[in-house]
Amino acid sequence: MGIWLNESSVDGFILLGIFSQSQTDLLLFSAVMLVFTVALCGNVLLIFLIYTDARLHTPMYFFLSQLSLMDLMLVCDIVPKMAVNFLSGRKSISFAGCGIQIGFFVSLVGSEGLLLGLMAYDRYVAISHPLHYPILMSQKVCLQIAGSSWAFGILDGIIQMVAAMSLPYCGSRSIDHFFCEVPALLKLACADTSLFDTLLFACCVFMLLLPFSIIVTSYARILGAVLRMHSAQSRKKALATCSSHLSAVSLFYGAAMFIYLRPRRYRTPSHDKVVSIFYTVLTPMLNPLIYSLRNREVMGALRKGLDRCKVGSQH
């Protein structure tokens with residue numbers, strides 16, 4: 001144990017990354033940095049609009065602000081380190097840095113998955129029980145939903161971080177990924193990881209399939225409620241409020257299930273790295289765009305804010 005502590009904690013790990021120094025990869029890296037900048041600005045702007053515009057002080061937008069905060073933290077956990085490693089040519093990450101990255105990544109992905117599930121329940125209540133919505137989705141309930149999403153995600157992150165960091169690592173230090181991800185790190189452990197593999201799979205099944213089942217159940221009931229509506233206008237409005245959420249769910253769950261619920265023999269590092277880019281950078285960029293460009297209230301708040309800026313600059 002002492003040898004492992006000295007070796008691992010002093011030497012840290014090498015992140016092989018996703019980009020080489022070729023011209024094509026330089027272009028791809030620039031594209032990722034552009035996406036990162038848009039994700040950063042989009043999520044900060046969305047959080048700002050939701051907290052400053054009184055018309056957006058509703059349960060749906062409160063959950064959306066939490067989703068944006070998770071996305072913001074997720075891109076900041078992964079991309080800056082990847083960019084520093086690529087630009088400096090140094091590919092190292094310290095043992096503690098690796099543990100922190102794992103903790104944040106697992107916590108945020110877990111929290112986001114649960115929040116997306118509970119946001120589907122919010123849409124179901126809004127469409128199927130509109131008269132009881134203010135009572136069923138009171139401020140207290142909203143805080144409990146957001147708090148439980150964060151709490152379960154953080155618990156999952158701590159469990160996986162402690163378990164991964166307590167394994168002995170000897171021999172190769174090279175992680176075939178652009179960030180410290182648990183499955184990629186486990187390949188370097190010089191101990192039997194079958195128990196941890198089972199724990200990891202159980203965590204993933206719980207954190208992905210539980211909220212996914214809430215989403216499927218909620219949308220099955222929403223569909224039933226929409227089909228019972230007599231007015232075509234009401235049906236159109238109900239489906240419009242769900243389309244943004246369904247887009248976000250498809251992006252997040254499609255990528256996460258592809259990575260974590262596939263049998264190990266079908267996994268390849270190159271596939272995992274490409275799909276990881278998808279939901280660590282692309283999804284956080286697309287979520288604010290999906291929710292704002294397709295949403296009249298958010299666009300209205302943005303226009304109001306811009307008008308205020310114009311008036312302020314003219315004085």
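Basis for what follows: all heavy atoms, side chains included, without hydrogens, waters or symmetry-related copies.
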Worksheet item: Just by distance, with hydrogens left out, do Y133 and D122 show a side-chain donor and acceptor under 3.5 Å apart?
Response: yes
Worksheet item: Does the side chain of L115 come within less than 4.5 Å of M70's, by heavy atoms?
Response: yes
Worksheet entry | Within-4.5 Å side-chain heavy-atom neighbours: V32 and L28 | no
Fill in: L186 vs L200 side-chain heavy atoms within contact, under 4.5 Å
yes
Worksheet, complete the sentence: CG of L282 to OG of S276, rounded to nearest 0.5 Å, is 12.0 Å
Practice prompt. Establish whether L34 and M82 are linked, either directly or via other cluster members, by ILVMFWY side-chain heavy-atom contacts under 4.5 Å.
Written response: no
Fill in: Whether S68 side chain and I47 backbone form a donor-acceptor pair below 3.5 Å
no
Worksheet item: Can V35 be reached from L26 by stepping across I, L, V, M, F, W or Y side chains whose heavy atoms are under 4.5 Å apart?
Response: yes
Worksheet item: Can you get from V44 to Y61 by hopping between Ile, Leu, Val, Met, Phe, Trp and Tyr side chains that sit under 4.5 Å apart?
Response: yes
Discussion item. Just checking R221: does its CZ atom have more than 12 heavy atoms from other residues, nucleotides or ligands closer to it than 6.0 angstrom?
Written reply: no
Worksheet item: Got more than 12 heavy atoms from elsewhere within 6.0 Å of OH, Y219?
Response: yes
Worksheet item: Is a side-chain N or O of D156 found less than 3.5 angstrom from the main chain of F152, in a donor-acceptor match?
Response: no
Item to complete: List in chain and number order the residues that pass salt bridge (Lys or Arg N to Asp or Glu O under 4.0 Å) with K81, two or more places apart in sequence or in another chain; answer none if no residue qualifies.
Response: none
Fill in: Worked verdict on M137 versus Y121 for side-chain contact (heavy atoms from CB on, under 4.5 Å)
CA-CA 10 Å; M137 279 292 163; Y121 172 71; 3.4 Å; yes
Worksheet item: Just by distance, do the side chain of T198 and the backbone of S194 share a donor-acceptor pair under 3.5 Å?
Response: yes
Worksheet item: With the 4.5 Å side-chain cut-off for hydrophobic clustering, are Y51 and W150 part of the same group?
Response: yes
Practice prompt. Locate the shortest heavy-atom distance separating S166 from A163; write the atom from each residue and the value.
Written response: OG-O, 2.9 Å
Item to complete: Kindly assign one of parallel, tilted or perpendicular to the pair F13 and Y169, based on the angle between their ring planes and the thresholds 30° and 60°.
Response: perpendicular
Worksheet entry | Side chain to side chain, V106 and C203, heavy atoms closer than 4.5 Å | no
Worksheet item: Looking only at heavy atoms, what is the nearest atom pair of V75 and V281, with distance?
Response: CG1-CA, 4.2 Å
Worksheet item: Can the ring centroids of F19 and F178 be said to lie less than 6.0 angstrom from one another?
Response: no
Item to complete: First locate atom SG of C242, then atom CE of M119, and finally report the distance between them rounded to the nearest 0.5 Å.
Response: 11.0 Å
Worksheet item: Are L67 and V141 connected in the hydrophobic side-chain network, where two residues link if heavy atoms are under 4.5 Å apart?
Response: yes
Item to complete: May I ask you to check whether H129 and Y124 place their ring centres under 6.0 Å from each other?
Response: yes
Worksheet item: Mind checking whether L114 and S148 have side chains closer than 4.5 Å, heavy atoms only?
Response: no
Response to the item:
Looking only at heavy atoms, the pair that brings A120 and S218 closest together is O-CB, 3.5 Å
Fill in: Residues, nucleotides or ligands: over 12 heavy atoms within 6.0 Å of Y253 OH
yes
Discussion item. Show the nearest heavy-atom pair for residues S247 and S243, with the distance to one decimal.
Written reply: OG-O, 2.8 Å
Discussion item. If you apply the rule side-chain contact (heavy atoms from CB on, under 4.5 Å), what do you find for D71 with Q66, and how did you get there?
Written reply: CA-CA 9 Å; D71 280 339; Q66 295 300 300; over 6 Å; no
Worksheet item: With a cut-off of 6.0 Å (strictly less than), are more than 12 heavy atoms of other residues, nucleotides or ligands near CZ of F36?
Response: yes
Discussion item. Are F179 and I102 packed together at the side-chain level, in the sense that at least one heavy-atom pair is separated by less than 4.5 angstrom?
Written reply: no
Worksheet item: Hydrophobic cluster mates of L16, side-chain heavy atoms under 4.5 angstrom, ILVMFWY only, any path?
Response: I14
Worksheet item: Once you round to the nearest 0.5 Å, how far does CD1 of I93 lie from CD1 of I175?
Response: 7.0 Å
Practice prompt. Please check if atom CD in Q144 has more than 12 non-hydrogen atoms from other residues, nucleotides or ligands closer than 6.0 Å.
Written response: yes
Discussion item. Taking the side chain as everything from C-beta on, heavy atoms only, tell me whether C180 gets closer than 4.5 Å to L15.
Written reply: yes
Worksheet item: When rounded to the nearest 0.5 angstrom, what is the spacing between CZ in F63 and OG in S65?
Response: 9.5 Å
Discussion item. Are more than 12 heavy atoms, taken from residues, nucleotides or ligands other than F212, located less than 6.0 Å from that residue's CZ atom?
Written reply: no
Fill in: side-chain contact (heavy atoms from CB on, under 4.5 Å) assessment of L155 paired with Q160
CA-CA 9 Å; L155 181 66; Q160 290 198 36; over 6 Å; no
Worksheet item: Which heavy atom of N287 sits nearest a heavy atom of E112, and at what distance?
Response: ND2-OE2, 3.7 Å
Worksheet item: Any donor-acceptor pair under 3.5 Å linking the side chain of S94 with the backbone of G97?
Response: yes
Practice prompt. Kindly check if the number of other-residue, nucleotide or ligand heavy atoms within 6.0 Å of CG (L87) is above 12?
Written response: yes
Discussion item. Taking the side chain as everything from C-beta on, heavy atoms only, tell me whether I290 gets closer than 4.5 Å to L251.
Written reply: yes
Worksheet item: Between D176 and K273, is there a salt bridge with N-O shorter than 4.0 Å?
Response: yes
Worksheet entry | Interatomic distance, L49 atom CG to R55 atom CZ [nearest 0.5 angstrom] | 10.0 Å
Worksheet entry | Nearest-0.5 Å distance that lies between atom CD1 in I222 and atom CD1 in I215 | 10.5 Å
Fill in: Closest contact, heavy atoms only, A225 versus I127
CB-CG2, 4.2 Å
Item to complete: Could you check I50 against F62 for side-chain contact (heavy atoms from CB on, under 4.5 Å), going step by step and ending with a plain yes or no?
Response: CA-CA 7 Å; I50 289 166; F62 169 69; 5.9 Å; no
